[in-house]
Protein chains: 2
Amino acid sequence: MSDIYRAISDPIRRQILNMLAERELPQLEIVKSFTISQPAIKKHLAILLEEKLVLERREGKYCFYRLNTPVFEVEYQRLQNEIGRILDNKLNRLKQYLEEES
Amino acid sequence: MSDIYRAISDPIRRQILNMLAERELPQLEIVKSFTISQPAIKKHLAILLEEKLVLERREGKYCFYRLNTPVFEVEYQRLQNEIGRILDNKLNRLKQYLEEES
DNA sequence: ATAAAATATAACCATAAGGTTATATGAAAT
DNA sequence: ATTTCATATAACCTTATGGTTATATTTTAT
């Protein structure tokens, strides 16, 4: 069911997702835009793949990565429901309190 | 600057945040609502405190926890900006592509 | 055929996470 | 004063994270 929380918990992975939102990229390009090693980037990509937020496509010696937009959309929606509800609860509580006051 | 990503990456912590959204609770109540041990819950609370999403208040032998609503609000806003932008980018790209088509 | 480029994998390391049990501490009740 | 209740802390364990360097492997270019 794709743990989006795990996927986005690391700033490098968030940055990668941002890059892939603009366009499909070969691993090379992603590696070049960070200072950490190629295997380190590979591991981040592996996690994004595991969580199905990213798709890969092999073309000759290049491996292209792209955002899995449908999955990302529904998972982000899930997150907003779960986390947003926390604040909604809080606001409803406050509203209720203010109503009881009057 | 409060790493909300770290805070919400664990389902138990998300559940705790939800409970605290409803009302302030003594640690006891939180512990009772899970099957894991008291020290385990304590560690989750320590992380939520570290990330400033939760506040604690001592009253006699009880330790009360409550949501740090202002911080939570701004941090969640941040998250929505950062993550939401990923989909915005994607949508803008699509829009642009469709416009170029015509 | 060889060299070079892009990616993959292995082995390693340090630290963080998430849990446990056992025990200490501090406050409240008997 | 002593027990009891709520919390804190210590010591330990296992697995996950996030990185490294070195070395395949695969594909393309010379």
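Keep in mind that this is a model prediction, so the values were computed, not measured. Letters A, B, ... mirror the listed sequences (proteins, then strands); counts begin at 1. Values reported hereafter were calculated over all heavy atoms of this structure, with side chains retained and with hydrogens, waters and symmetry mates removed.
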Got a list of protein N/O to nucleotides 27-29 of chain D N/O distances below 3.5 Å?
from	atom 1	to	atom 2	distance (Å)
D:dT27	O3'	A:K61	N	3.4

query = Is A:S37 near enough to D:dG19 that one of its side-chain N or O atoms lies under 4.0 angstrom from OP1 or OP2?
reply = no
Under 4.0 angstrom between A:Q38 side-chain N/O and D:dT20 OP1 or OP2 = no
query = Any salt bridge between B:E50 and B:R6, counting N to O under 4.0 Å?
reply = yes
inquiry  = Without decimals, in angstroms, what is the distance between A:L45 CG and C:dA8 C1'?
reply    = 12 Å
request  = Please name the pair of heavy atoms, one in A:P26 and one in A:F64, separated by the smallest distance, quoted to 0.1 Å.
outcome  = N-CD2, 3.6 Å
request  = Indicate yes or no: does A:E75 engage A:K52 in a salt bridge with an N to O separation below 4.0 Å.
outcome  = no
task = Starting from P on C:dT20, measure out to CD1 on B:I36 and report it in whole angstrom.
result = 6 Å
task = Verify the cluster assignment for B:Y76 and B:I16: are they in a single hydrophobic cluster under the rule of side-chain heavy atoms below 4.5 Å apart?
result = yes
task = Taking all non-hydrogen atoms of both residues into account, name the closest pair between A:I86 and B:A21 and its distance.
result = O-CB, 3.2 Å
ask   = Between D:dT7 and B:K42, is there an OP1 or OP2 to side-chain N/O distance shorter than 4.0 Å?
value = no
Gap between atoms CZ and C1', on A:R6 and D:dT17 respectively (whole Å) = 9 Å
Could you list all N or O pairs between the protein and nucleotides 13-15 of chain D that sit under 3.5 Å apart?
none

ask   = What nucleic acid atoms does B:F34 come within less than 4.0 Å of, heavy atoms only: base, sugar-phosphate, or nothing?
value = nothing
note = When rounded to whole Å, the CD1 to P distance for the pair B:I47 and D:dA8 reads 15 Å
inquiry  = Please classify the nucleic acid contact of B:F64 as base, sugar-phosphate, or nothing, using heavy-atom distances under 4.0 Å.
reply    = nothing
key: Phosphate contact (D:dT17 OP1 or OP2) by A:R13 side-chain N/O below 4.0 Å   = no
request  = Considering just the side-chain nitrogens and oxygens of B:H44, establish if one lies under 4.0 Å of OP1 or OP2 belonging to C:dG19.
outcome  = yes
ask   = Picking from D:dT20, C:dG19, D:dG19, which would you name as closest to the side chain of A:P39?
value = D:dT20
query = Taking for each residue the nucleotide of DNA chain C with the nearest heavy atom, is it A:K43 or A:C63 whose nucleotide lies nearer the 5' end?
reply = A:C63
